[in-house]
Amino acid sequence: MMEQENRTSFPKVWQPADLSEAWRLKHMLGDAAVYTAGTTYLRTQWEAEGAAPPGHFIDLCSTGLLAGIELKDGELLTIGALTTLASCRSSALLVNHVPVLMEAVRAIAAPSVRNLATIGGNVASTFGDALPALLVYEAQLVWYDGKLLQVEPLADWLAGLRHAAANHAAKDNRILKEIRIPIASDSDVDSGMRLEMYKKIGRREAFTPSLVSVAMTGRIHQDGLLSGFRIALGGGGAIAQRLKEVESLLQHANYTQPLLGTIYDMIVENAELQGDLFASALYKKQTAANLILSALWRAAGQAGMH
Amino acid sequence: MTDNHAMKQGAPQVTSSMISSETSYTLDCDVNGEPVSMKVQPSRRLLFILRDDLQLTGTKRSCEIGRCGACMVLMDGKPVNACLTMAYQCAGKKITSIEGLSGRGVHPIQQAFLDEGGFQCGYCTPGMVISTKALLDDNPRPCKAEVEEALSGNLCRCTGYGGILRAVYKAIETADG
Amino acid sequence: MLLNRETSGKRWRTRPDGEEKVTGKLVYLTDMSASGMLFGNVLRSAFAHARIIKLCTDKAMALPGVHAVLTFEDIPGLNGFGIAKPNQPVFCEDRVRYVGDAVAAVAADSEELADQALKLIEVEYEALPVIDDPEQALAEDAMLLHPEGNLLHRAEYRRGDTAAAFDDCVHIVEETYFTPRQMHTYMETEGGLFIPGENGRITVYSATQHGLMDRLQLSRITGLPESDIRVISSPIGGSFGGKDELNVQPYGVLLALRTGRPVKLHNSRKESVRAGIKRHPMKITMKTGVNREGKLLAHQVRIVADTGAYATLGAEVLNFALEHAVSGYRFENVEAQGYSVYTNNGVSGEFRGFGGNQAIFALEGQMDRLAELLGMDPWTFRALNLRQIGDPGPLGQRIAQTDGAKQVWEVLAQSPLWMERSGPSGETHEPWIRTGIGAALAMHGAGLGFGIPDPGAGRLALAADGKIEAIFGYEEFGQGLIATLEQMLIEQFGFATEDLRIVIGDTDVVPDSGSSTASRATSMMWTALRNMRPAFTKLLVEKAAALTGTPYEQLELGAGGIRNKAGVLLLTFEQLASAAGEPLAVKTEFHYPVTPDKRVGAHFLYTYAAVAVKVEVNTLTGRVKVVDQYHAVAAGPVVNPQGFLGQIEGGSGMALGFTLSEDAFMNSGRYGVNNLDTYLIPTVTDLNGSVTVVPIETLPEGDIYGPRGVGEIGSVALAPAITSAVHHAVGKRIAKLPIEPHLLQEAPFAQKKEVSGA
């Protein structure tokens with residue numbers, strides 16, 4: 001049984017010692033190679049979607065540089081791209097500083113998959129369920145482009161994806177090294193209650209592909225004043241997106257019932273969510289709107305507004 | 001991290017890091033407490049290394065994309081799907097399959113599955129037991145939500161999970177003494 | 001009484017196959033290997049419907065390491081299989097009718113080489129129009145998929161004059177119900193090992209629910225006499241009806257015979273989805289009317305079942321659905337028609353519930369809707385029309401009478417869950433979560449029905465080593481058949497666990513016990529043991545009396561051997577066996593009990609279930625969560641408490657998937673889902689609600705049929721109970737499964753007014 005692999009092609013595995021070597025390999029091998037980390041999502045593509053595995057894996061794990069979560073100077077949370085989702089799930093730093101991201105990670109796959117899968121892979125897949133959460137924290141991506149490290153706002157990268165061809169990401173030879181999340185210190189913001197929400201809606205209660213996912217952070221004050229809202233949608237193959245118009249509307253608005261109706265209409269009209277084999281675009285948009293509104297309503301209740 | 005840096009040289013010589021010329025890759029790892037050293041394609045999946053190369057068939061093949069948990073094993077004590085894990089990702093790791101768990105008779109978790117009837121056809125059972133082991137090693141007194149999260153990657157088509165949940169709670173109780 | 005480990009006491013036993021299962025030591029047939037083994041694989045159609053213009057295997061055959069490439073030209077016998085009607089080609093010759101159709105098979109030194117060889121087989125197709133809808137297939141101008149047309153089977157039942165009766169109805173409900181293409185999703189995909197032996201014999205190690213039927217079918221295909229084929233078919237990693245039909249066996253056998261070497265096949269999940277049978281999607285239109293008092297006057301049914309490309313048991317499933325679409329209640333006038341229609345979709349076949357699931361979903365939906373029109377409590381309305389002891393079966397046939405319908409109705413009516421429904425509705429802390437409680441009732445036939453060979457047989461023997469052997473032609477696919485048989489032997493004969501050796505799943509040794517399907521095996525084993533007990537006891541005790549000199553009347557069978565009436569062990573079974581010097585064995589052969597009325601497929605034994613569920617509907621998302629289930633099941637005495645509980649819990653878990661998430665939908669004859677990343681069966685979190693199971697064990701005085709099987713009854717009434725509960729929660733009627741969340745979605749915060757609860 002041991003000799004069975006000799007005559008058929010198996011992917012070649014490269015284990016570069018550092019990012020520079022990894023990048024050069026990719027440059028050299030081109031489309032025949034993929035960067036790999038946890039490989040969980042790639043496996044699904046090959047096995048379930050019938051895509052042929054590439055000829056070459058460039059294993060980023062061998063570069064030994066990219067895992068770990070740190071808080072730098074109390075204001076910048078860095079998550080190495082190779083940090084497994086399981087490490088994220090058990091990170092006190094994430095719970096304390098970016099609970100929306102923690103909730104997103106909890107909703108991704110199952111523990112065994114999270115033990116292999118990385119946060120970088122979730123981002124690089126272009127539609128991972130962590131993306132809406134990272135968007136509301138205004139995360140930045142640190143890329144290695146073969147020479148230098150580049151810092152790119154996640155929102156900009158996603159905007160580029162949205163406007164580029166579908167295979168844009170595949171042709172991007174850059175290596176995601178790290179995710180940075182600026183942490184606002186509490187003294188920066190006035191009083192009020194924090195609202196933090198992440199919801200992923202799929203087709204069953206656990207371990208489900210998402211139809212739509214919603215992330216939101218903001219503050220609600222005793223008088224009903226809303227401030228600092230950031231809202232993002234994703235899931236179901238959609239490129240994650242901020243709902244800037246809704247955020248603007250909420251900024252320094254007062255919570256009222258009619259306001260909720262206006263937001264609902266705005267989301268249903270403007271969210272860029274497409275229908276798929278399992279749910280219509282309308283369902284996804286209405287679900288997103290309902291989840292956002294219900295979170296606002298609940299927060300308003302907690303703030304004594306009802 | 002892998003230990004396989006033997007062929008690495010200076011940065012420009014990029015081809016040096018390839019680990020899968022036709023016969024060169026040797027996987028060194030530990031399976032159920034025994035050192036294993038075997039020539040294998042680096043992208044060969046742990047599922048087939050266990051089942052076909054090592055005849056450890058307690059690890060089951062089912063969906064092959066990490067969605068059912070039938071092939072769950074422990075890698076350095078953490079549950080992973082053997083169908084998602086390739087040889088090069090196992091280098092230097094300690095792999096525990098169901099055979100490694102039950103090597104010394106019936107483990108208390110397995111006893112709980114027996115007592116409560118937490119199985120029917122049995123095909124998902126090794127994976128269920130492995131996931132339960134990983135959970136209880138990490139968290140001896142999990143709450144309901146933690147139990148469900150820990151088992152969310154293991155599908156069972158026979159039991160409706162009733163017996164499985166009773167077995168897990170029994171195992172928690174037993175461990176609590 | 002509530003069924004669980006505590007209430008079962010000592011009757012809750014550790015399963016004999018348990019230790020091997022929890023330790024992973026059990027060798028499934030797909031775990032087996034043999035030295036010199038080749039790997040087989042099957043080339044399946046690239047089209048849902050096409051002509052084969054050219055088929056060339058030369059390049060594949062030329063690949064080093066490939067030992068055989070087979071096509072239709074290589075079949076010695078019948079190029080067809082199918083339990084009831086063998087019209088599915090083993091290999092397609094000139095036409096393919098679905099994406100799972102086999103065109104060729106290869107055996108090679110490795111799985112990878114076999115895959116590579118498949119790619120080298122050249123097939124030229126000419127695409128044909130895809131018929132992907134049964135109504136389209138029935139159109140006059142539709143292309144014919146089989147020489148006899150596109151209608152596999154038409155079923156009909158009439159009683160009275162429905163047209164006239166509808167005129168007398170005060171309320172009429174007409175609704176069309178749709179059910180999904182559910183996949184069995186056994187965790188072990190199809191596969192096995194095929195070993196050619198000496199003298200041209202072959203041994204098949206591959207799962208089935210009826211080894212002797214596989215042997216018959218394989219004999220037809222290979223031209224070998226049945227006696228040259230040995231089928232070993234247990235243990236099995238789940239089946240649920242899905243492995244009853246042949247799957248990989250023809251290919252394994254033909255490849256092994258051709259190469260003279262052991263051949264292994266094991267379907268990938270994707271292959272399993274593509275080629276395997278599914279539950280029939282059905283479109284069921286019902287028109288049902290009542291008078292002012294709520295009495296059912298007329299019931300009209302039209303069932304259209306998508307049976308896919310080939311027959312297998314499509315006709316039988318339709319008969320069953322039709323029977324159950326008119327079951328459970330006293331309908332004065334009935335007119336039911338059913339059509340099982342060929343299409344280019346995946347093959348539909350046997351699946352736990354066997355058409356009852358679809359029919360009962362529709363029927364119970366009608367009951368709820370009628371009750372609403374009448375302004376009546378839905379359970380009270382059911383009682384008004386419920387069948388009574390003494391009533392004929394659904395098709396007017398004579399049946400074994402029990403009071404099961406009324407019993408389950410009453411137990412459910414008294415259940416805490418149902419009582420909660422009439423109490424004050426519970427406040428939820430989230431106003432968008434709405435709870436509801438609903439219930440449904442079902443009667444479900446067991447056995448294959450009138451006109452279909454349905455044999456029962458068994459043997460008991462004292463083996464040479466002193467073991468008591470119980471030999472049956474049944475299969476263990478998880479349901480606990482071995483445990484149930486062991487428990488019956490212990491409880492009825494007084495044997496100890498260690499005394500026993502259960503022999504099943506080997507066609508060389510087992511008698512023709514019939515299939516392990518249709519909730520029949522428990523009944524049949526019980527009957528067989530009851531038949532054999534006097535003779536076997538007499539045989540052993542007489543021998544023991546002769547050997548010990550103790551009078552026959554003072555001896556009895558017991559744990560470990562022959563005991564006197566005081567319980568003292570006088571002779572161990574081992575001593576008895578060695579002293580006897582000859583095999584001490586008895587056997588029984590009989591037929592599953594059938595109705596004397598000549599209606600093909602009509603059943604004689606029925607079980608009954610009433611199910612109540614509590615759901616939470618999240619109106620933000622439209623998603624439904626089942627939080628509580630209560631099952632009352634009337635199926636005679638509980639033989640094996642753990643098995644009984646497991647069947648009801650497991651069957652209802654499967655039904656929950658049928659209701660909420662599962663559909664292997666197809667577009668133009670191609671599956672929209674290929675694996676378990678998109679075909680979603682329930683996880684532990686979907687099934688974390690409470691489940692209460694209450695068996696009703698009493699049978700009428702003089703009932704001779706004993707315990708009824710419960711393999712299916714847990715899976716047939718849950719769907720309508722859930723949709724009933726959904727209606728109770730949000731006032732919406734569901735007619736299509738799985739439930740589409742968008743239908744239940746609201747916009748509670750989008751109105752420009754204050755919401756309730758705010």
Side-chain angles (χ1 to χ4, degrees), chain A residues 1-6 8-18 20-29 36 38-49 53 56-59 61-64 67 82 84 86 89-90 106 109-117 205-209, chain B residues 1-2 4-5 7-23 25 38-45 48 52-53 55 63-67 69 72-73 75-76 78-81 83-89 91 127 130-131 134-135 138 148-155:
Chain A
M1 299 281 306
M2 300 286 293
E3 77 283 6
Q4 79 286 26
E5 298 136 333
N6 292 345
T8 49
S9 61
F10 272 68
K12 309 243 183 302
V13 180
W14 303 78
Q15 294 196 311
D18 54 36
S20 160
E21 191 184 330
W23 189 88
R24 281 195 301 277
L25 277 165
K26 175 68 178 156
H27 192 72
M28 187 178 80
L29 298 165
T36 63
T39 68
T40 56
Y41 174 66
L42 295 172
R43 177 62 63 187
T44 310
Q45 285 185 308
W46 307 327
E47 296 291 326
E49 297 167 22
H56 302 268
F57 296 168
I58 302 169
D59 175 26
C61 297
S62 66
T63 59
L82 288 183
T84 62
R89 177 80 183 92
S90 59
R106 193 187 66 80
S112 55
V113 178
R114 296 199 293 260
N115 279 326
L116 296 168
E205 296 295 313
F207 201 5
T208 173
Chain B
M1 293 304 105
T2 172
N4 198 296
H5 294 168
M7 293 176 70
K8 283 177 191 153
Q9 304 161 13
Q13 187 58 14
V14 291
T15 56
S16 63
S17 61
M18 192 177 103
I19 61 168
S20 64
S21 62
E22 293 303 314
T23 55
Y25 185 68
M38 58 196 293
K39 280 203 159 73
V40 61
Q41 287 290 341
S43 63
R44 184 165 172 81
R45 292 192 266 173
F48 300 110
D52 296 341
D53 302 345
Q55 280 75 51
C63 78
E64 295 180 65
I65 53 170
R67 294 306 196 282
M72 201 71 77
V73 297
M75 186 156 87
D76 288 347
K78 303 247 186 282
V80 296
N81 306 81
C83 69
L84 293 177
T85 312
M86 289 178 271
Y88 75 92
Q89 295 168 309
I130 289 284
S131 284
L135 168 68
D138 187 53
E148 288 169 16
E149 184 177 344
L151 296 184
S152 64
N154 292 81
L155 298 179

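- Contact annotation for B/R67: both backbone and side-chain heavy atoms come within less than 4.5 Å of a heavy atom of chain A.
- Between the OG atom in A/S112 and the CD1 atom in B/I130 there is a gap of 11.5 Å [rounded to 0.5 Å].
- When every heavy atom of B/A150 is checked against every heavy atom of A/P111, the shortest pair comes out as CA-CG, 3.9 Å.
- At a 4.5 Å heavy-atom cutoff, the contact between A/T36 and chain B is made by side-chain atoms alone.
- Counting all heavy atoms, side chain and backbone alike, A/L116 lies closest to B/N81 at CD1-O, 4.4 Å.
- One finds the OG1 atom of A/T39 at 3.5 Å from the CE atom of B/M86 (value rounded to the nearest 0.5 Å).
- Counting heavy-atom pairs closer than 4.5 Å to chain A, the top residue among B/G66, B/C83, B/S152 is B/S152.
- Heavy atoms closer than 4.5 Å to chain A are found in the side chain of B/L155, but not in its backbone.
- Summarising the geometry, atom CZ belonging to A/F207 is positioned 12.5 Å from atom CG belonging to B/L151; distances are rounded to the nearest 0.5 Å.
- One finds the CG atom of B/D76 at 10.5 Å from the CG atom of A/N115 (value rounded to the nearest 0.5 Å).
- For the options B/T85, B/L135, B/N154, B/L84, heavy-atom pairs under 4.5 Å to chain A are most numerous at B/L84.
- Of all non-hydrogen atoms in A/R43 and B/I65, the two that sit nearest each other are O-CG2, 4.1 Å.
- Contact between B/S43 and A/F57 at its shortest, heavy atoms only, is CB-CE1, 4.0 Å.
- The shortest side-chain heavy-atom distance between A/D59 and B/Q89 does not fall under the 4.5 Å cut-off.
- Heavy-atom distances place no part of B/C63 under 4.5 Å from chain A, backbone and side chain included.
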